[in-house]
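Note sheet for the following structure.
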Amino acid sequence: MISDEKQKTQQEGVKESQQDRKQDEAAKQRPGQTDQAIHDAETRRPVRKDNNPD
């Protein structure tokens with residue numbers, strides 16, 4: 001049998017996971033904001049002019 005404390009911890013983990021999924025879904029619904037677009041904007045670098053790929 002599972003102890004009460006362990007069972008409560010598992011229930012809290014399930015609730016936290018469900019909340020995380022809800023937040024992820026809400027984030028997907030935001031217009032004009034995607035993780036990749038934000039990442040690209042924050043890591044944008046100027047184009048090299050010496051034609052050296054590295």
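In this text, all values refer to a predicted model and were calculated from it rather than measured experimentally.
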**Q.** Glu25: partners by salt bridge (charged side-chain N to carboxylate O under 4.0 Å, His left out), with sequence neighbours left out
**A.**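 Expected list: Lys28.
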
Q) Ignoring hydrogens and geometry, is there a side-chain-to-backbone donor-acceptor pair from Thr9 to Glu5 under 3.5 Å? A)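 Such a contact is found between Thr9 side chain and Glu5 backbone.
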
Q. In a check of side-chain contact (heavy atoms from CB on, under 4.5 Å) between Gln10 and each of Lys8, Lys6, Glu12, which one passes?
A.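 That would be Lys6.
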
Q: Check each of Gln23, Lys22, Lys15 against Gln19 using the side-chain contact (heavy atoms from CB on, under 4.5 Å) test, and report the only one that passes.
A: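 Exactly one pass, corresponding to Gln23.
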
**Q.** Set of side chain to side chain contact (heavy atoms under 4.5 Å, CB included) partners for Gln11, sequence neighbours left out
**A.**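 Listed in chain order: Gln7.
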
